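Each remark here refers to the structure printed beneath this line.
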Amino acid sequence: MTHLWVRAESRENEERVGLLPDGVAALVADGVQVTVEDSPTRVIPTAEYDAAGAAIAPEGGWDDAPGDAIIFGLKELPDNGSALRHRHIMFGHAYKGQPAGQRLLARFKAGGGTLYDLEYLEDPDGRRVAAFGYWAGYAGAAVSLLAYAAQQAGTPCPSVSTWPSSSAMRDDVTAALGGATPTALVIGALGRVGTGASDLCHAVGVPVTKWDMAETAQGGPFPEVLDHTLFFNCILARPGTPVFVPADTCQRPRALRVIGDIACDPDSDFSPIKVYDHVTSWNAPVIRACDDPPLDVMAIDNLPSLMPRESSEDFAGQLLPHLKALADIDSGVWGRAKSYFDQHMQEVTT
């Protein structure tokens with residue numbers, strides 16, 4: 001019997017979950033054993049999982065789960081160096097040379113476990129089968145516009161916390177802009193992330209220039225980026241990704257005032273934005289990259305968590321058909337994710 005163990009998220013400001021109670025009921029009906037850890041912060045109360053047929057385990061109990069359990073979470077595990085013996089489904093952020101990712105892979109090598117990275121669950125054509133991208137784009141554009149409004153008022157960007165809905169987020173951005181209409185450039189506009197960013201901009205009256213692969217195929221440079229008030233990077237950093245914002249941007253004439261690095265991979269060698277080097281947080285949403293004139297960078301790496309219920313409902317709905325196929329974990333999307341893991345484990349040294 002397949003045993004899926006849904007762990008509590010240990011990261012601060014993380015209320016999302018990848019499986020809803022109705023998904024638990026569907027899996028149990030298919031003969032899957034489901035265990036859900038208790039969590040005081042998860043957007044869905046534990047009692048609803050209990051009622052749907054899940055066994056309830058203490059928060060953080062996954063390390064003692066049976067060896068055949070598949071541990072399912074979203075964000076990173078505690079970075080404590082312990083060996084990982086289970087099969088884990090999560091966003092590992094481990095395949096682009098990130099230092100934390102290399103430590104994570106070393107832990108899998110030490111324990112003999114396996115990572116099924118949610119970012120690499122792909123159909124046969126290489127398209128991701130489940131993603132939070134739309135909500136990352138929507139929220140990233142919103143926070144970046146709040147930062148722009150604060151910058152124009154000469155005040156620090158305020159901290160952020162969860163919104164009850166996307167409409168509430170939109171209304172707050174509209175109020176903060178007060179009728180201002182900065183221009184925005186979205187690169188990666190045809191993808192999930194870019195669509196979300198563009199939709200938020202349209203909803204609050206901000207005109208958008210939309211670029212995708214055709215507009216960036218020549219590989220740069222791209223001086224047009226500096227001609228817009230805001231730039232939203234919605235392209236994942238991969239080998240061959242061109243540079244959109246070079247390191248000498250502060251010395252160049254520019255209209256650019258805020259960068260929303262929604263893809264947010266600053267510690268990757270492939271990052272297309274070279275004016276900052278670390279993520280931002282809910283308490284401090286932007287980094288001041290340039291002073292005269294100001295240029296702020298928004299680089300929060302768990303943006304969909306700002307709308308935890310809507311984003312969880314969307315993602316869980318996309319993922320459930322593939323969770324129902326876990327009994328055949330060596331094929332399909334899971335087999336392809338395992339091949340990515342095997343490839344990168346060859347490069348790991350302990």
Side-chain angles (χ1 to χ4, degrees), residues 133-161 163-212 214-216 222-235 244-245 249-250 252-264 272-273 275-276 280 284-300 303-304 306-307 310:
Y134 179 86
W135 300 108
Y138 195 99
V143 177
S144 299
L145 283 163
L146 291 173
Y148 169 77
Q151 183 192 99
Q152 296 306 296
T155 60
C157 180
S159 62
V160 294
S161 59
W163 276 269
S165 66
S166 56
S167 58
M169 175 182 280
R170 176 202 64 211
D171 291 346
D172 283 354
V173 174
T174 299
L177 288 174
T181 55
T183 60
L185 171 65
V186 175
I187 297 185
L190 299 183
R192 291 184 178 100
V193 180
T195 299
S198 298
D199 283 357
L200 184 280
C201 287
H202 290 313
V204 300
V206 171
V208 180
T209 301
K210 299 180 181 182
W211 283 12
D212 208 83
E215 292 81 5
T216 59
F222 300 104
E224 299 92 338
V225 172
L226 304 187
D227 294 334
H228 292 78
T229 319
L230 295 102
F231 162 51
F232 299 119
N233 174 47
C234 302
I235 293 179
F244 300 134
V245 182
T249 293
C250 294
R252 299 188 182 196
R254 57 184 164 79
L256 188 64
R257 295 294 180 268
V258 176
I259 298 168
D261 190 6
I262 300 170
C264 192
I273 298 172
V275 294
Y276 85 110
T280 59
V286 298
I287 295 168
R288 177 61 52 90
C290 309
D291 288 314
D292 188 20
L295 175 61
D296 293 326
V297 181
M298 188 289 305
I300 294 172
L303 287 162
L306 291 166
M307 293 173 290
E310 276 177 272

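Since this is a predicted model, take the numbers as computed values, not measurements.
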- Item | Student check: side-chain heavy atoms of V225 and I187 closer than 4.5 Å | yes
- Note on the structure: Interatomic distance, CG@D296 vs CG@L230, rounded to 0.5 Å, equals 10.0 Å
- Message: How long is the straight-line distance from CG of L200 back to OG1 of T195, given to the nearest 0.5 Å?
- Response: 12.5 Å
- Message: Do L303 and M298 have side chains that approach each other closer than 4.5 Å (heavy atoms only, starting at C-beta)?
- Response: yes
- Message: Working to the nearest 0.5 angstrom, can you tell me the gap between I235 CD1 and W211 CH2?
- Response: 10.5 Å
- Task: Could you give me the CA-CA distance, side-chain angles and deciding distance for Y134 and D199, then say whether side chain to side chain contact (heavy atoms under 4.5 Å, CB included) is met?
- Result: CA-CA 9 Å; Y134 179 86; D199 283 357; 2.8 Å; yes
- Worked check of side chain to side chain contact (heavy atoms under 4.5 Å, CB included) between V206 and T229: CA-CA 10 Å; V206 171; T229 319; over 6 Å; no
- Note on the structure: Here the pair of heavy atoms bringing S166 nearest to E310 is N-OE1, 2.6 Å
- Query: Do C264 and I300 have side-chain heavy atoms sitting under 4.5 Å apart?
  - Reply: no
- Straight-line distance of N233 CG to D261 CG, nearest 0.5 Å: 4.5 Å
- Non-hydrogen atoms of V204 and R170 that approach each other most closely: CG1-O, 3.8 Å
- Item | From W163 atom CH2 to M307 atom CE, the distance as rounded to the nearest 0.5 Å | 8.5 Å
- Heavy-atom closest contact (V245 atom, T249 atom, distance): CG1-OG1, 3.2 Å
- Item | Non-hydrogen side-chain atoms of S198 and K210 separated by less than 4.5 Å | yes
- Looking only at heavy atoms, what is the nearest atom pair of I262 and A136, with distance? CG2-O, 3.5 Å
- Give the minimum heavy-atom separation between L226 and R252, together with the two atoms involved. CD1-CD, 3.8 Å
- Query: Just by modelled atom types, is the V258 backbone N or O under 3.5 Å from a matching donor or acceptor in the Q151 side chain?
  - Reply: no
- Mark yes or no for whether D212, through its side chain, and L190, through its backbone, hold a donor-acceptor pair below 3.5 Å. yes
- Item | Gap between atom CG of L177 and atom OH of Y148 - 0.5 Å precision | 8.0 Å
- Hey, does T216 have a side-chain heavy atom less than 4.5 Å from the side chain of F244? yes
- Validation row: P182, Q152 side chains within 4.5 angstrom (heavy atoms): no
- Minimum heavy-atom separation for V297 to T280, with atom names? O-CG2, 3.8 Å
